Amino acid sequence: MNETAPAANFIRTIITDDLQSGRRQQVVTRFPPEPNGYLHIGHAKSICLNFGLATDFAGRCHLRMDDTNPEKESVEYAEAIKEAVRWLGFDWGEHLFYASDYYEQLYQWAEELIRTGKAYVDSLSAEEVRQYRGTLTEPGRESPYRSRSVAENLDLFRRMRRGEFADGAHTLRAIIDVTSPNLNLRDPVLYRIQRVPHYRTGDAWCIYPMYDFAHPLSDAIEGITHSICTLEFEDHRPLYDWFIANCSVPARPQQIEFARLNLTYTVMSKRKLLELVTGRHVGGWDDPRLPTLVGMRRRGYPPAAIRTFCERIGVGKTDSLIDMGVLEECVRDDLNRSAPRAMAVLRPLKVVVENFPADEVEQFEVANHPGDPALGSRKVPFTREIFIEQDDFLETPPKGFFRLFPGGEVRLRGAYILRCEQVVRDGDGQISELRCSIDPATRGGANPPGRKIKGTIHWVSAPHALEAEVRLYDRLFTVANPGGEKGRDFKELLNPDSLQVLTGCRLEPGLAAVDGGSRQFERLGYFCRDQDSTAERLVFNRTVTLRDSWVAKGGSDSGVAG
RNA sequence: UGGGGUGUAGCCAAGUGGUAAGGCAGCGGCCUUUGGAGCCGCCAUUCGCAGGUUCGAAUCCUGCCUCCCCAGCCA
């Protein structure tokens with residue numbers, strides 16, 4: 001793969017300026033997921049951005065678990081996150097961190113804020129705090145506990161830590177400005193009491209820091225220079241800066257916000273994804289229809305394709321909705337170059353080659369990649385009985401159809417030119433098989449002068465064929481922006497046909513050996529072996545179809561492309 | 001009606017006072033034993049709208065409009 005110059009974006013501009021002006025001597029970024037769910041393609045955008053920046057500016061990128069809410073976090077999620085980042089192709093080296101490792105330091109800074117008169121212990125209930133906060137248009141009111149003495153605050157806060165109070169009895173809040181038009185500055189909560197064991201610190205703590213407090217300080221501890229997050233935190237930046245300015249931190253990181261990724265026909269919020277998984281609307285976090293990284297991995301998306309995608313869509317501040325087609329095109333791009341070709345028939349139609357001897361097996365040498373001889377070739381058996389795709393035969397072909405029809409000819413890839421002599425029906429009038437003949441002069445792809453055949457189709461020798469299950473995937477939702485339909489539960493918009501399971505598919509025998517990696521099933525798309533495969537039962541996933549200008553032109557295709 | 005953002009082609013996105021990059025999609029052609037791949041060409045007199053400054057404006061100024069985010073002891 002050729003390296004191309006990274007696309008320009010406003011964050012690169014900021015960093016370049018910082019380095020040139022001497023404001024920064026190095027670049028340290030971080031990817032800070034909360035281990036409360038699986039990573040998705042939206043996270044991939046952030047991962048590629050943060051790790052990519054670090055690489056391009058010869059800096060480093062940390063992986064930090066932003067684990068400040070024990071209620072929702074687990075080692076399962078933390079491990080899955082590490083695995084996903086690794087799979088995507090990034091390496092954090094020695095720089096794996098946990099916000100939970102900073103709890104003591106964070107606590108000390110909280111005491112510092114109390115000592116400097118910038119934080120107090122509040123004893124309002126959650127409901128009261130909400131009432132005191134005011135609204136978007138009305139200023140808030142100061143809590144009656146706001147004027148407690150430093151000594152009293154310190155005492156109360158230490159007792160909070162010691163576990164002397166019930167959950168929710170007190171909080172530690174910053175003293176900023178309850179009348180600020182920015183709600184985040186209306187005395188934000190710094191610590192809450194939560195008697196929940198933490199997946200890493202166990203029961204060492206019963207008070208936990210809030211994101212707004214923990215995040216900037218964690219960045220400072222790690223010496224992060226550019227703390228890149230998504231747009232919804234833009235309003236939090238004054239608060240981010242406030243903590244950096246009011247705690248004796250060792251570094252002054254800068255927060256920069258960019259627009260999160262949205263993709264058509266899917267949802268990207270952890271909450272919605274969790275709902276799909278727990279509600280059994282999909283098979284699990286790794287369901288190939290999901291935009292999760294584990295789902296895409298199982299579906300056969302190469303990590304390099306995801307990286308290309310993230311590069312291609314750019315980084316900006318405008319809310320965007322990227323067409324799923326862009327991602328799919330990146331997948332095709334990658335797989336077209338790398339995937340060996342093979343032949344597989346998804347909906348078999350039996351063909352008897354009448355002028356080919358019943359007891360003969362002919363082995364054809366077929367190239368594994370039409371454009372890359374380095375991928376070599378393989379032998380494919382040909383016999384009197386073969387299967388072709390049902391869609392490749394039409395009794396009454398429309399104009400422009402250049403596959404098989406009665407009296408017509410097509411080329412069997414790598415074998416012979418085939419002519420349809422007769423259509424055989426069963427008792428119900430359904431086509432049960434085709435009686436055909438081959439032209440011996442076209443053996444192995446030979447092309448006698450003057451012989452012009454427009455269509456080439458794939459085929460599989462019937463007695464050699466492997467039987468398999470093939471899973472076809474379509475968009476998960478029926479509307480482009482399921483999360484944007486107001487007043488409607490996004491689950492009502494699920495596409496009932498997003499998964500199509502085909503059984504009795506026939507594969508060329510060489511496919512038995514495939515375990516990892518992708519194959520192109522010629523003319524059908526890219527496929528990979530699914531983890532559900534067993535010795536007796538082969539299962540393949542269709543990663544993505546090939547582009548199909550016949551279908552695009554309105555040509556009928558009864559579902560192979562579906 | 002408060003605050004913070006954002007508007008450049010169907011979808012993304014460069015551009016930072018000197019006359020609209022690039023990608024995806026689309027369209028036309030060539031080539032082809034995958035209706036695939038590859039190759040060539042076309043595709044914004046105009047940058048949300050209206051004024052203004054300037055020899056010159058997507059870039060500067062004024063006003064208006066759109067859409068997104070914020071009232072968790074979530075992140």
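None of these values were measured; they are calculated from a predicted model. Every chain is numbered from 1, with letters handed out A, B, ... down the list of sequences.
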### Message
So His236(A), base contact, sugar-phosphate only, or nothing? Heavy-atom distance under 4.0 Å.
### Response
base

### Message
Please name the nucleotide paired to U54(B) by Watson-Crick or G-U wobble geometry with both distances under 3.5 Å, or report none.
### Response
none

#### Entry: Distance-only donor-acceptor test (3.5 Å): side chain Arg547(A), base G35(B)
no

### Message
Does U32(B) have its OP1 or OP2 closer than 4.0 Å to a side-chain nitrogen or oxygen of Arg411(A)?
### Response
no

### Task
Quick one: label Asp235(A) by what it contacts on the DNA or RNA (base, sugar-phosphate, nothing), any heavy atom closer than 4.0 Å.
base

### Task
Apply the test salt bridge (charged side-chain N to carboxylate O under 4.0 Å, His left out) to residues Arg413(A) and Glu522(A): give CA-CA distance (whole Å), side-chain angles for both, the deciding distance (0.1 Å), then the verdict.
CA-CA 9 Å; Arg413(A) 167 124 249 204; Glu522(A) 292 208 38; 2.4 Å; yes

### Query
Reckon Gln520(A) touches a base, only the sugar-phosphate, or nothing at all at heavy-atom distances under 4.0 Å?
base

### Query
Contact class for Arg133(A) (heavy atom, under 4.0 Å): base, sugar-phosphate, or nothing?
sugar-phosphate

#### Entry: Base partner of G38(B), which must satisfy Watson-Crick or wobble distances under 3.5 Å
C30(B)

### Query
Salt-bridged, Glu138(A) to Arg133(A), with N to O below 4.0 Å?
no

### Task
Answer with yes or no after comparing the ring centroid distance for Tyr191(A) and Phe213(A) against a 6.0 Å cut-off, counting only values under it.
yes

### Query
Is the distance from OP1 or OP2 of A13(B) to the nearest side-chain N or O of Thr318(A) less than 4.0 Å?
yes

### Query
Expressed as a whole number of Å, how far does the P atom of A25(B) sit from that of G38(B)?
10 Å

### Sugar-phosphate, base or nothing in reach of Gly140(A), heavy atoms under 4.0 Å
nothing

### Message
Categorize Asp212(A) for me: base, sugar-phosphate, or nothing, with a 4.0 angstrom heavy-atom threshold over every strand shown.
### Response
nothing

### Query
Less than 3.5 Å between a donor and an acceptor, one on the side chain of Asp548(A) and one on the base of G35(B), is that the case here?
no

### Message
Please confirm whether the shortest side-chain N or O distance from Arg341(A) to OP1 or OP2 of A37(B) is below 4.0 Å.
### Response
no

### Query
When you check the glycosidic angle of G15(B), does it come out syn, meaning within 90° of 0, or anti?
anti

### Task
Taking atom C1' in both C47(B) and G15(B), compute the distance separating them and give it to the nearest angstrom.
10 Å

